[in-house]
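Just so we're on the same page: letters track the sequence lines, and every chain starts at 1. Here the structure is a predicted model, which means the values were calculated and not measured.
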2 protein chains.
Amino acid sequence: MYTRKIKENLDCGILVAAKVFGGKWKLCVLDAINRGFVRPADICRYIDEASPRVIEMQLAELLFFGVIEKCAEDVYPKKTEYKLTALGESILPLLTQMDKWGTAHSEFIKERQRELEESQSV
Amino acid sequence: MYTRKIKENLDCGILVAAKVFGGKWKLCVLDAINRGFVRPADICRYIDEASPRVIEMQLAELLFFGVIEKCAEDVYPKKTEYKLTALGESILPLLTQMDKWGTAHSEFIKERQRELEESQSV
DNA sequence: ACAATACCCGAAAAAAGATTCGGTAGGGAT
DNA sequence: ATCCCTACCGAATCTTTTTTCGGGTATTGT
């Protein structure tokens with residue numbers, strides 16, 4: 001298991017929040033679950049840009065921090081389902097706001113990004 | 001100059017937002033500027049956990065994406081000041097909400113983190 | 001029995017991100 | 001002249017994160 005070399009600082013709220021949902025795909029996973037894609041294979045299909053492995057890992061972390069919970073663990077056939085806990089639900093407003101912000105400024109940011117890429121390729 | 005190897009996807013709002021303020025210190029820098037630490041040296045002293053270099057780099061990125069702007073560029077002695085643009089201001093509510101969330105759940109998350117560290121050190 | 005699917009996990013490799021180091025350049029004070 | 005401060009930047013290095021690859025177990029449909 002990987003252990004950090006640099007000590008983490010969780011002294012301010014922003015850093016705590018970043019710790020919990022700061023991974024590349026964590027918010028996407030929460031979004032997927034929120035939209036009803038609750039089984040691992042469904043989430044993977046929904047977020048097909050990410051590798052299944054990374055989604056598993058992010059699910060594991062979200063589970064560890066109590067943001068989601070796992071159901072039907074010992075039922076066969078395995079029909080694992082994840083759902084948001086109260087803590088997870090409390091993130092939704094933030095998720096929504098971030099999504100709104102990003103969508104609202106999407107064109108502007110994309111345009112800047114294009115410029116950057118062009119200047120690099122020359 | 002560094003160019004990414006994996007193509008970026010900015011198709012959903014969350015990914016756009018993550019792109020703009022997803023760095024390790026970006027939100028901290030915005031917070032610092034918002035609190036009145038507007039000169040590079042001041043920001044560095046305020047966020048003394050981060051190296052000055054990384055703060056410069058994050059400032060450059062925030063500048064590039066139009067989240068902050070730079071004043072007094074050609075005045076000597078150099079008294080560079082950064083301030084939030086309208087776009088930057090529009091992030092503040094999110095910043096506040098994230099900080100609130102993190103602060104509210106700080107103890108719980110820290111406790112989980114402690115457990116994780118203990119289990120690793122055994 | 002066989003193939004396909006779901007779920008989960010370890011470990012190496014690749015990529016991205018952060019940090020350190022050293023340097024430039026100008027201003028101000030002693 | 002020397003020293004310290006501010007601002008900035010390139011490049012090597014180190015750390016962290018993500019990805020890829022391969023494996024394992026169990027179930028379902030044919």
Participant: DNA chain D: A:Pro52 or A:Ile6, which has the more 5' nearest nucleotide?
Facilitator: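 Closest to the 5' end, via its nearest nucleotide, is A:Ile6.
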Participant: Once you apply a heavy-atom cut-off of 4.0 Å, does A:Glu8 come out as touching a base, just sugar-phosphate, or nothing?
Facilitator: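 Nothing: the residue A:Glu8, judged by heavy atoms under 4.0 Å, touches no strand.
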Participant: Take atom CG of B:Asn9 and atom P of C:dA15, then tell me their distance rounded to the nearest Å.
Facilitator: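 Computing the B:Asn9:CG to C:dA15:P distance gives 18 Å.
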Participant: What nucleotide among C:dC7, C:dA15, D:dA7 has an atom nearest to a side-chain atom of A:Thr80?
Facilitator: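 Comparing C:dC7, C:dA15, D:dA7 against the side chain of A:Thr80, the answer is C:dC7.
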Participant: Counting side-chain heavy atoms from C-beta on, which of D:dT6, D:dT20, C:dT19 comes nearest to B:Arg39?
Facilitator: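 Closest nucleotide to the B:Arg39 side chain: D:dT6.
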Participant: Closest to the A:Met57 side chain: C:dC8, D:dT19, D:dT6?
Facilitator: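 Nearest nucleotide to the side chain: D:dT19.
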Participant: Side chain of B:Ala41, heavy atoms from C-beta onward: which of C:dA6, C:dT20, D:dT6 has the nearest atom to it?
Facilitator: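 Taking heavy atoms from C-beta onward, the closest nucleotide is D:dT6.
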Participant: Just compare C:dC8, C:dT19, D:dT20 and give me whichever is closest to any side-chain atom of B:Ser51.
Facilitator: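 The answer is C:dT19, which lies nearest to the side chain.
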Participant: Among the clusters formed by ILVMFWY side chains lying less than 4.5 Å apart, do B:Leu15 and B:Val67 turn up in the same one?
Facilitator: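 As far as the 4.5 Å side-chain criterion goes, B:Val67 and B:Leu15 are not connected within one cluster.
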Participant: Is the phosphate of D:dT17, meaning OP1 or OP2, less than 4.0 Å from a side-chain N or O of A:Tyr2?
Facilitator: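 Looking at the OP1 and OP2 atoms of D:dT17, neither is under 4.0 Å from any side-chain N or O of A:Tyr2.
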Participant: Is any side-chain N or O of B:Arg53 under 3.5 Å from a base N or O of D:dG10, one able to act as donor and the other as acceptor?
Facilitator: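 Present.
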Participant: Output the rounded distance in Å from CD1 (A:Ile55) to P (C:dA6).
Facilitator: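 Rounded to the whole Å, the gap is 13 Å.
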Participant: Where the side chain of B:Lys5 is defined as all heavy atoms beyond and including C-beta, which of C:dC8, C:dT19, C:dA16 is the nearest nucleotide?
Facilitator: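 The listed nucleotide nearest to B:Lys5's side chain is C:dA16.
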Participant: What is the distance, rounded to the nearest whole Å, between atom CD1 of B:Ile43 and atom C1' of D:dT6?
Facilitator: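 That distance rounds to 13 Å.
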Participant: Are A:Met57 and B:Ile6 joined in one hydrophobic group, where the rule is that I, L, V, M, F, W and Y side chains link up if heavy atoms are under 4.5 Å apart?
Facilitator: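 Different clusters: A:Met57 never reaches B:Ile6 through Ile, Leu, Val, Met, Phe, Trp or Tyr contacts under 4.5 Å.
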Participant: Hey, is A:Glu81 close enough to A:Lys70 for a salt bridge, meaning N to O under 4.0 Å?
Facilitator: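 Here A:Glu81 does not pair with A:Lys70 in a salt bridge, since their nearest N and O are not under 4.0 Å apart.
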Participant: With a 4.0 Å cut-off, would you call A:Arg45 and A:Asp42 a salt bridge?
Facilitator: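 Result for this pair is yes, salt bridge flagged.
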Participant: Listed by chain and number, what are the side chain to side chain contact (heavy atoms under 4.5 Å, CB included) partners of B:Ala18, not counting sequence neighbours?
Facilitator: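 B:Ala18 satisfies side chain to side chain contact (heavy atoms under 4.5 Å, CB included) with no other residue.
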Participant: Is any side-chain N of the basic residue among A:Glu117 and A:Arg114 closer than 4.0 Å to the acidic one's carboxylate O?
Facilitator: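 No salt bridge links A:Glu117 with A:Arg114.
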Participant: Which ones in residues 22-32 of chain B lie close to DNA chain D, meaning a heavy atom under 4.0 Å from one of its atoms?
Facilitator: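 Hits under 4.0 Å, by residue number: none.
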Participant: Is a side-chain donor or acceptor of B:Arg39 paired with a backbone partner of B:Tyr82 at a separation under 3.5 angstrom?
Facilitator: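 It does not hold such a pair.
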